[in-house]
Amino acid sequence: MSMHLETHPIAAEPGLAAYQLNVLRFGPPDGAGGGRKAYIQAALHADEVPAMLVAHFLRRALEKLDAEGRVRGEIVLVPAANPIGLSQLVHGAPFGRFDLGTGVNFNRAFRHVAGELKDRLAGRLGPDAAANVAAIRAEARAAVARWEPEDHTGVLKKTLLSMAIDADIVLDLHCDNEALLHLYTGTALAERAAPLAALLGARALLLSSASGGAPFDEACSRLWWDLADHFSEAAIPPACAAITVELRGEMDVRYDYAEQDAQALLQFLAREGLLDIPPTPPPAAPCAPTALEAVEPLHAPHSGVLVFLKALGERVEAGEAVADIVNPVSGATTTLRASQGGLLFASTAHRHLLRGMQVCKIAGATPFRSGSLLSD
């Protein structure tokens, strides 16, 4: 089977499409691949460019593998997941993290369907895990179809979620401002995500059952453990391995990075039974999983010039100085210190900050936070 290209109009009202979403599908026709499905999207935050370059390498590889009959399931690839964000400029600079019309983060406020599924599945689930998975997926697809968005960003979110809600694997490709490669996933998926973290050489694998804000990956995966808790007598596995992949920093747009990252993703798909390609020797895990509650974000206490005293990839001890904020007008200088020991894995690329802006993130070992765990 050759690649199939779909286009989806993104419009707040029927007949008034202003944006178009392109979707690539690979795999045998009519479900002949055994029913396994992977969904991969790039750059939901539209100006996170490394993800789109990785998707380019994935497309080239998947086209070849598909033509050779080596795609064993359905693989859906959305190489540029946010045509709305790609059209936004602020003073001539691309701006793809928030919808300028509503101020809402493009990777927040996805529909979480577990609540309505608890009512619709009452009395229907039992000891047969495969039957339960099929029933839950059918109801989840129907719940997303009933979603009635109020604007074009809502239509985009519904369109993306409708393609991913019934997948076995969901890979949401992003990048941070400045960062080491790291992953986010559900606590129940730690073992499933560990091979991907190793293949990618991720320096942090961050786990949470509910991080707050309703991001895309949790809209796909969290319903499974929510339903398993609710229907405790039924056999409900975490059937969707949804993982957010942060492909380093915004400026890390390099062919060598993109090609090695794409190869790692392909190897993961092969290990999950979706591709027939020779396996590479499994690499050693570069990091242990850590709870997202153990990640410490540091923020600027006042405006000023940011001077880092520690570099990305360095380990920081509790109480150790990480950065200074120097106010050139008042002369005030504040040293920011880590309250927990850990790895400095992400930081801002800006060097003049306003009060309250995030400076960096440190992955520790001991959970100490609760509530909303993601940045805006």
Side-chain angles (χ1 to χ4, degrees), residues 35-41 107-144 147 157 160-172 174 182-197 202 204-246 268 271-273 288-295 367 369-374:
R36 299 278 289 166
K37 179 180 179 181
Y39 173 88
I40 307 168
Q41 70 180 22
N107 192 24
R108 302 290 186 270
F110 276 87
R111 191 174 186 87
H112 184 51
V113 301
E116 55 193 290
L117 264 59
K118 290 173 184 177
D119 294 330
R120 291 181 175 271
L121 292 166
R124 295 173 50 190
L125 304 178
D128 187 335
N132 292 341
V133 169
I136 291 168
R137 284 182 172 155
E139 288 293 347
R141 285 191 294 267
V144 175
W147 183 6
K157 291 177 179 179
L160 298 173
L161 188 58
S162 68
M163 294 185 287
I165 195 70
D166 59 354
D168 298 275
I169 300 163
V170 171
L171 301 176
D172 191 13
H174 288 256
H182 58 285
L183 310 181
Y184 295 90
T185 195
T187 305
L189 300 171
E191 185 174 346
R192 191 96 173 267
L196 179 59
L205 173 56
L206 307 172
L207 308 176
S208 176
S209 296
S211 61
F216 179 81
D217 64 336
E218 289 184 10
C220 299
S221 60
R222 182 181 153 195
L223 70 98
W224 293 96
W225 48 84
D226 280 4
L227 292 176
D229 288 343
H230 183 76
F231 298 107
S232 57
E233 302 302 316
I236 303 176
C240 176
I243 304 167
T244 293
V245 181
E246 299 282 354
F268 179 67
R271 282 169 165 76
E272 289 283 340
T290 187
L292 189 54
E293 292 85 351
V295 171
R369 294 195 300 148
S370 60
S372 183
L373 301 172
L374 300 175

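The analysis underlying the following values was restricted to heavy atoms, covering all of them including side chains, and did not include hydrogens, waters or symmetry mates.
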Work out which heavy atom in [X] is nearest to a heavy atom in [Y]; give both atom names and the distance.
X: A129; Y: P237; answer: CB-CD, 4.2 Å
X: A193; Y: L183; answer: O-CD1, 4.4 Å
X: T185; Y: A242; answer: OG1-O, 2.8 Å
X: L223; Y: H112; answer: N-CE1, 3.7 Å
X: S211; Y: E218; answer: OG-OE2, 2.6 Å
X: W225; Y: A188; answer: CE3-CB, 3.8 Å

Non-hydrogen side-chain atoms of [X] and [Y] separated by less than 4.5 Å:
X: W224; Y: V133; answer: yes
X: L373; Y: L206; answer: no
X: L189; Y: I243; answer: no
X: L160; Y: Y39; answer: yes
X: L374; Y: L292; answer: yes
X: R124; Y: E139; answer: yes
X: R137; Y: I165; answer: no

Could you state the interatomic distance from [atom1] ([X]) to [atom2] ([Y]), rounded to the nearest 0.5 Å?
X: L196; Y: E272; atom1: CG; atom2: CD; value: 9.0 Å
X: I136; Y: C240; atom1: CD1; atom2: SG; value: 12.0 Å
X: Y184; Y: D217; atom1: OH; atom2: CG; value: 10.0 Å
X: R222; Y: L227; atom1: CZ; atom2: CG; value: 10.5 Å

Side-chain donor or acceptor of [X] paired with backbone N/O of [Y] under 3.5 Å:
X: R369; Y: V295; value: yes
X: D168; Y: K37; value: yes
X: N107; Y: F216; value: yes
X: R192; Y: I169; value: no
X: N132; Y: G126; value: yes
X: R120; Y: E116; value: no

